[in-house]
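Read through the structure below, which is laid out as structure tokens, and then see the notes.
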Amino acid sequence: MPVYKYFGNPAKFHGKPLFHILSNLKNFGRGRIITRAGFKDEQPSFYRVLFAQPLMDTNSEEGRVIAEKVKNGVKYTEPVDLSKIAPLPDFILIPRDEEEQFCKWNEIREYSADKDYVVEPKYFTMPPLLRIYMEREMKNRGAETNQDSYLLPHYKTFQVKDTDELEEGKFEKYQETITRCEGTAPYRYDDLISKDTSTEWAVRRAQERWSTIFQRRCPSPRHL
């Protein structure tokens with residue numbers, strides 16, 4: 001039996017460019033169900049093609065596509081434009097005889113602003129060094145301070161959740177998910193730490209570093 005060895009990083013996309021699928025369908029796939037290999041939701045996630053117009057480029061990958069979007073069992077009220085991500089090889093056509101089983105229409109509900117929202121802190125506490133600096137600066141200015149003076153207003157700086165960027169310059173813009181800002185939370189810079197960073201590796205690295213420092217500062221008795 002042959003042995004296969006794969007080199008390099010794992011493939012990011014596992015499908016076909018959108019127009020490689022739609023160009024082979026009647027009316028460019030109007031009404032057909034398309035999903036993405038990148039969807040990993042528990043509930044059904046897919047697109048229903050409403051309109052497609054190829055650009056007739058050399059690779060047959062560019063064009064305009066308007067589709068109805070269902071994400072994680074929620075049907076968005078506004079259609080989405082898939083033109084930016086159409087060239088990405090991540091799309092999969094659902095056969096007609098499997099649409100009912102895949103889409104699970106009886107489990108899909110309409111988008112509701114009362115249910116489909118994200119909760120984030122309204123304020124973040126300042127990091128310790130920044131707080132010390134701010135206290136000193138405001139004292140020098142003679143400004144009046146209170147507890148709210150040392151809070152960072154996250155409700156002014158949160159990111160609008162209406163875009164998914166799959167690659168640089170390749171993004172999907174869709175109906176905004178409302179962000180509700182409530183309460184106060186400590187700012188721990190979690191968003192600046194890569195998701196690929198291993199906690200176990202970081203702990204092991206820290207232990208090795210402190211072990212080396214301890215050995216340098218506390219030599220063994222035979223060296224004394």
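Because the structure is a prediction, the values reported are computed rather than measured. In this chain, residues are counted from 1 in sequence order.
Applying the side-chain contact (heavy atoms from CB on, under 4.5 Å) test to E99 and every residue at least two apart in sequence or in another chain returns R32, I33, I94, R96. The side-chain contact (heavy atoms from CB on, under 4.5 Å) check on E107 picks up Q43, K104, with sequence neighbours excluded.
Contact between I92 and A37 at its shortest, heavy atoms only, is CD1-CB, 3.9 Å. The shortest heavy-atom contact between P17 and F91 is C-CD1, 4.3 Å. Taking each heavy atom of P95 and L93 in turn, the nearest pair found is CD-O, 3.5 Å. Smallest separation of non-hydrogen atoms from G29 and V49: O-CB, 3.3 Å.
The closest side-chain heavy-atom distance from V65 to F19 is below 4.5 Å. Inter-residue side-chain proximity for R136 and I132 is flagged as unmet; no heavy-atom pair is nearer than 4.5 Å. Residues V80 and I66 fail the side-chain proximity criterion, which asks for heavy atoms closer than 4.5 Å. With contacts defined as side-chain heavy-atom distances shorter than 4.5 Å, the pair R30/L50 does not qualify.
A side-chain hydrogen bond (donor to acceptor under 3.5 Å, both in side chains) with D90 is found for one member of H14, K16, R36 and no other, namely R36.
M134 is connected to F124 through a chain of hydrophobic side-chain contacts under 4.5 Å among Ile, Leu, Val, Met, Phe, Trp and Tyr, so both are in one cluster. When the side chains of ILVMFWY residues are joined at heavy-atom separations under 4.5 Å, either directly or via intervening members, L82 and L88 end up in a single hydrophobic cluster.
When atom types are taken as modelled, the side chain of T184 and the backbone of P121 share no donor-acceptor pair closer than 3.5 angstrom.
Around the OH atom of Y133, the shell of radius 6.0 Å holds no more than 12 heavy atoms that belong to other residues, nucleotides or ligands. Atom CZ of R109 sits in a crowded spot, with more than 12 heavy atoms from other residues, nucleotides or ligands closer than 6.0 Å. Atom CD of Q101 has 12 or fewer heavy atoms from other residues, nucleotides or ligands within 6.0 Å.
With rounding to the nearest 0.5 Å, the separation of CG in L22 from CG in N27 is 11.5 Å. From L25, atom CG reaches atom CD1 of I34 across 6.5 Å, with rounding to the nearest 0.5 Å. To the nearest 0.5 Å, atoms OH (Y47) and NZ (K71) are separated by 8.5 Å. Atom CD of E61 is separated from atom CG of L18 by 10.5 Å, given to the nearest 0.5 angstrom. The CD atom of E135 lies 9.5 Å from the NZ atom of K139; values are rounded to the nearest 0.5 Å. To the nearest 0.5 angstrom, E68 atom CD is 12.5 Å from Y76 atom OH.
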Taking it one step at a time, do T125 and L151 satisfy side chain to side chain contact (heavy atoms under 4.5 Å, CB included)? CA-CA 5 Å; T125 58; L151 296 177; 4.1 Å; yes
